[in-house]
Amino acid sequence: MKVTNAEFIISAVGPDQYPVDALPEIALAGRSNVGKSSLINRMINRKNLARTSSTPGKTQHMNYYRINDALYFVDFPGYGYAKVSKTQRAAWGKMIEKYMLERQTLKLVLMVVDLRHPPTKDDVMMYDWLQHYDIPICVVATKADKIPKSRWQKHVKQMKESLLLRNTDLFVMFSSELGVGKEELWAVIQSFTENGDSPQSGAVPQEGQQQENL
């Protein structure tokens, strides 16, 4: 996909702030400092539209980026950062859960993981939660440039086995530095944003559901 226009729209904290133009939305979920902002910047060929930080937990809202006036990237707060208060983590969990279960324009969740390391318990929990609610997922393993190419397949195998991915599950190895996986990931995204598919098959929140399930 050729990106000709990309702009930051809003840092939202609730439905009253979400865009109302009904463009398809691609959400990015992952632990703190996993490289979501760098991934966005590489995908849109911009150096710093999505602000990167060496400080985990810095993203505290849902950041909306409009791409080509055709779709949004929605960057979630990173999960699993211990120094964020339990109250704040609970608030983030509730906000994200409500969005993913109720947002009709959500088409796909990019679950961003670090290829160098096995998935964390939070990664496994997030993947299982998304699967449970039949929300389409593409696992994106970033930072491939940080390990030798000769070890890529070993790490990919470890990642897939740890998350119990099937052969049909979507997985893209990615490097924001090298551009590895960029075109493949755009192809995945376009398959969900251009054919009218909706991921919300039966994804109805249950009364009294706890955000700790995230």
Side-chain angles (χ1 to χ4, degrees), residues 1-3 6 26-59 63 65 67 71 73-82 107-132 135-194 199 214:
M1 178 173 177
K2 182 178 180 180
V3 176
I26 306 298
L28 290 90
R31 65 177 180 79
S32 295
N33 213 25
V34 77
K36 293 187 283 91
S37 295
S38 295
L39 184 152
I40 291 172
N41 288 331
R42 167 58 77 168
M43 293 293 287
I44 62 177
N45 298 318
R46 296 277 290 274
K47 289 186 177 181
N48 59 0
L49 181 64
R51 298 294 179 87
T52 60
S53 173
S54 59
T55 305
K58 190 171 182 60
T59 300
N63 291 328
Y65 302 91
I67 315 300
L71 60 92
F73 283 150
V74 187
D75 188 13
F76 289 166
Y79 54 73
Y81 184 52
K107 299 301 179 182
L108 175 69
V109 175
L110 304 181
M111 198 184 107
V112 185
V113 294
D114 189 331
L115 183 63
R116 298 173 298 175
H117 310 297
T120 66
K121 290 182 180 179
D122 289 321
D123 291 328
V124 174
M125 188 181 301
M126 173 63 80
Y127 186 79
D128 290 347
W129 189 91
L130 291 166
Q131 277 202 320
H132 177 76
I135 299 172
I137 320 162
C138 177
V139 177
V140 184
T142 60
K143 305 191 180 185
D145 54 284
K146 304 297 185 184
I147 56 178
K149 289 184 180 181
S150 60
R151 293 170 54 194
W152 280 0
Q153 290 309 311
K154 175 183 177 182
H155 284 253
V156 167
K157 184 174 184 288
Q158 180 186 59
M159 187 70 64
K160 290 183 175 181
E161 289 179 349
S162 298
L163 291 173
L164 300 179
L165 266 65
R166 300 158 297 188
N167 290 334
T168 55
D169 292 337
L170 295 170
F171 181 94
V172 175
M173 184 177 65
F174 196 90
S175 167
S176 298
E177 292 292 326
L178 304 177
V180 172
K182 176 185 173 182
E183 297 305 321
E184 183 182 354
L185 186 54
W186 267 126
V188 170
I189 291 170
Q190 289 180 282
S191 73
F192 282 89
T193 58
E194 295 182 354
L214 261 180

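This structure is a prediction, so every number in the text was calculated from the model and none was measured. Just the heavy atoms: all of them, side chains too, but no hydrogens, waters or symmetry mates, feed the values below.
For Arg31 and Asp114, the salt-bridge test passes: some basic side-chain N is under 4.0 Å from an acidic carboxylate O.
Smallest separation of non-hydrogen atoms from Ser162 and Val124: O-CG2, 4.2 Å. Taking both residues in full, the closest heavy atoms of Ala27 and Phe76 are given as CB-CZ, 3.5 Å, listed atom of the first, atom of the second, then distance. The shortest non-hydrogen separation linking Arg46 to Ala6 is NH1-O, 3.0 Å. Closest non-hydrogen pair, Leu108 versus Leu110, comes out as CD2-CD2, 3.7 Å.
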Review point. When you look at Leu170 and Phe192, which way does the side-chain contact (heavy atoms from CB on, under 4.5 Å) test go after all the steps?
Key: CA-CA 12 Å; Leu170 295 170; Phe192 282 89; 3.6 Å; yes
Review point. When you look at Tyr127 and Leu165, which way does the side-chain contact (heavy atoms from CB on, under 4.5 Å) test go after all the steps?
Key: CA-CA 10 Å; Tyr127 186 79; Leu165 266 65; 3.7 Å; yes
Practice item. Apply side-chain contact (heavy atoms from CB on, under 4.5 Å) to Asp169 and Val139, showing your working. Key: CA-CA 8 Å; Asp169 292 337; Val139 177; over 6 Å; no
Practice item. Could you walk me through whether Leu49 and Ile40 pass the side-chain contact (heavy atoms from CB on, under 4.5 Å) test, one step at a time? Key: CA-CA 8 Å; Leu49 181 64; Ile40 291 172; 5.7 Å; no
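Expressed to the nearest 0.5 Å, how far NZ of Lys146 lies from OG of Ser176 amounts to 9.5 Å. Atoms OG and CG, on Ser37 and Asp75 in that order, are 5.0 Å from each other to the nearest 0.5 Å. Between the CD1 atom of Ile44 and the CZ atom of Phe73 there is a distance of 7.5 Å, given to the nearest 0.5 Å. Remark: Leu130 CG to Ile135 CD1 distance equals 5.5 Å, nearest 0.5 Å. Separation of atoms OG1 (Thr142) and CZ (Arg42) is listed at 13.0 Å; rounding is to 0.5 Å.
Under the rule for a side chain to side chain contact (heavy atoms under 4.5 Å, CB included), the partners of Arg151 that lie at least two apart in sequence or sit in another chain are Pro148, His155. With sequence neighbours excluded, the residues that form a side chain to side chain contact (heavy atoms under 4.5 Å, CB included) with Ala144 are Leu115, Trp152, Met173, Ser175.
Results of the side-chain contact (heavy atoms from CB on, under 4.5 Å) test with Met111 over Val140, Val34, Ile137 single out Ile137 as the only residue that passes. Screening Met43, Gln190, Glu194 for a side-chain contact (heavy atoms from CB on, under 4.5 Å) involving Met1 leaves a single residue, Gln190.
For the residue pair Thr120 and Asp123, a side-chain donor N or O sits within less than 3.5 Å of a side-chain acceptor on the partner.
Every pair passing side chain to side chain donor-acceptor pair (under 3.5 Å) that includes a residue from residues 178-188 is listed here, sequence neighbours excluded: Asn45-Lys182.
In this structure, Leu39 and Leu185 have side chains that are in contact, with non-hydrogen atoms separated by less than 4.5 Å. Residues Lys47 and Asn41 are not in side-chain contact: their nearest non-hydrogen atoms beyond the backbone lie 4.5 Å or more apart.
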